[in-house]
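Numbers restart at 1 for each chain; the letters A, B, ... are given by sequence-line order, proteins then strands. When reading the values below, keep in mind they use all heavy atoms of this one structure, side chains included, and skip hydrogens, waters and symmetry mates.
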Amino acid sequence: MGLQAIFFYLFAFIAVASAFMVISAKNPVHSVLFLILVFFNAAGLFLLTGAEFLAMILLVVYIGAVAVLFLFVVMMLDIDFAELRSGVLQYAPIGILIGLIVAAELVVVVGGSVLTPEAAKSITMPIPNPATRTNTAALGDVLYTNYVYFFQIAGLVLLVAMIGAIVLTLRHRTNIKRQDISQQVARTPATAVEVVKVKPGQGV
Amino acid sequence: MDSFFSIYVWPGIVMVAQSLLLLVCLLVFIAYVLLADRKIWAAVQLRRGPNVVGPFGLFQSFADLLKFVFKEPVIPAGANKAVFLLAPLVAVLLALSTWAVVPLADGWVIANINVGILYIFAISSLEVYGIIMGGWASNSKYPFLGALRSAAQMVSYEVSIGFVIVTVLLCVGSLNLTDIVNAQHDGLGTRMGLPASFLDWHWLALFPMFVVFFISALAETNRPPFDLPEAESELVAGFMVEYGSSPYMMFMLGEYAAVCLMCALTTILFLGGWLPPVDIWILNWVPGIVWFMLKSMLVFFMFAMVKAFVPRYRYDQLMRLGWKIFLPLSLAMVVITAFVLKLTGWA
């Protein structure tokens, strides 16, 4: 257990320290890079608890896709750092309020599990033995049998969001040339080439 | 104290030694892959390629290594120094760290983890950061344009690679790379009544996905014809414009390590890993690593030939191929494969 504890404190310390750097870094791009470091260490913590599937999905989805887009946007913004700093005190009360709410929720959740340890036994899905069932398969068992309708509804919600985003941003411009590859491939010499016999000294 | 040694110290030493051995072999292999790339490219264009350093130019990559290392690294005045130097490091470390889970032969793997294929997928999706960070930190227009192109390109092709991997996983039923290879002991060929052979490997049963994976692998590793992030005719060298000496070498090393990984992954997913092409005793007697290397080199040969033959794609064509052709095709194949497996009861 000693090695696990060492790694836990390593990941946890780096995660907390870089979370602090996310809000204190002057350059927003550095903030996003530190955020990526937070995700990475969170994945490490998942691995320590034996949730290897969740750890990898965290890497793929949050770091591989979400944070890339995030970085993409932040890099292209033209940000005036001085102006950005000036508004900090103005928003501080709201930030402190949200921080307090999150802290209170954490206390309730952690406190609940510490005060009533028997509550953990009342969960409806028994946790399968990791030696016999990998947690990828165990997650699939629960998600696609007990919660299949919720899973489908979540998919529909995402589909609606995706269609909405496309509808909002799509505009058909009429006066531009578009490439139609099937049309290009279907061209034959008969339709594309005209053979002209030119008499000397006359031009076409 | 004795148990402390046997639980932590000795396995630690073994793991470090294995990793070092793999890294050294991999780096030497990459040096020759680079040479092979240049030689094949030259041969297609009726040139000789590098032929001065050593017999047939065999030591060319090592000469290049020394040249890069002894040059002075130049950091542009306007660059973001920390991120500028971190970018090539990220690129090379991520590319090399994926090799920890690659099974080179039966049992020849450093970390035989349950979610091996997901680990490779996750780490190779992070490789885009080396490029974005390098392009942004250079504080210059060409690198930045290259980095933006690269980010969009890699995110696009990762989607279809993901679905291709899902189709293979449907046939296998495990995320472990060793299991994926072992599952190819029997397949389409044995179901037809033939003895175990190369017809059992996934390349035949999932042929469209094999093609999609190969092309997506080219795009994912920024190889020609999809080398838009470093298109020299329009962006000079893309995200690497401001890099020289060792940092540049690290980018190149990372790129070739990623290319070799994609070759190895194609071998594992579609070409039966270390399995011999026909199940007869003399071929079974050949060590698995030899088959693995031969197959990987065959895939790399195709990578190199594509580089020599195919002209560079235009950016909108690249996006069209990724989103309008590969994504629907691979998505449809996931559904079709699942139906076929369910109806025939093969899975």
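- Using a 4.5 Å cut-off between heavy atoms, B/Glu158 touches chain A through its side chain atoms alone.
- Within residues 40-48 of chain A, the residues approaching chain B closer than 4.5 Å by heavy atoms are, in numerical order, A/Phe40.
- Interface remark: B/Leu126 contributes side-chain atoms only to the contact with chain A (heavy atom separation under 4.5 Å).
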Hey, mind stepping through B/Val83 and A/His30 against side chain to side chain contact (heavy atoms under 4.5 Å, CB included) and telling me if it holds?
-> CA-CA 9 Å; B/Val83 181; A/His30 291 174; 3.7 Å; yes

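- Among B/Leu148, B/Leu86, B/Val155, B/Asn80, the residue with the largest count of heavy-atom pairs under 4.5 Å with chain A is B/Leu148.
- Every residue was checked against the salt bridge (Lys or Arg N to Asp or Glu O under 4.0 Å) condition with B/Arg320, not counting sequence neighbours, and none meets it.
- Checked by atom type and distance alone, the side chain of B/Tyr119 never pairs as donor or acceptor with a backbone atom of B/Ile113 at under 3.5 Å.
- Comparing B/Val115, B/Asp316, B/Val128 by heavy-atom pairs within less than 4.5 Å of chain A, the highest count is held by B/Val115.
- At a 4.5 Å heavy-atom cutoff, the contact between A/Ile36 and chain B is made by side-chain atoms alone.
- Without hydrogens or angle criteria, B/Ser156 side chain to B/Ala152 main chain gives a donor-acceptor distance under 3.5 Å.
- Heavy atoms closer than 4.5 Å to chain B are found in both the backbone and the side chain of A/Ile63.
- For A/Leu69, no part lies near chain B; criterion is any non-hydrogen pair under 4.5 Å.
- Scanning all heavy atoms of the two residues, the minimum distance from A/Ser18 to A/Val38 falls at OG-CG2, 3.5 Å.
- A side-chain donor-acceptor contact under 3.5 Å links B/Asn176 and B/Asn112.
- A centroid separation of less than 6.0 Å is found between the aromatic rings of B/Tyr243 and B/Phe84.
- Checked by atom type and distance alone, the side chain of B/Ser138 pairs as donor or acceptor with a backbone atom of B/Gly134 at under 3.5 Å.
- Classification of the B/Tyr157-B/Phe326 ring pair by plane angle, with boundaries at 30° and 60°, yields perpendicular.
- At distances below 3.5 Å, at least one donor-acceptor pair connects side-chain atoms of B/Gln153 with backbone N or O atoms of B/Phe226.
- There is no contact between A/Ala137 and chain B, counting heavy-atom distances below 4.5 Å.
- At a 4.5 Å heavy-atom cutoff, B/Val159 makes no contact with chain A through either its backbone or its side chain.
- Contact of B/Leu175 with chain A is made through the side chain alone, with heavy-atom distances under 4.5 Å.
- Heavy-atom contacts from other residues, nucleotides or ligands closer than 6.0 Å to CZ of B/Phe121 number more than 12.
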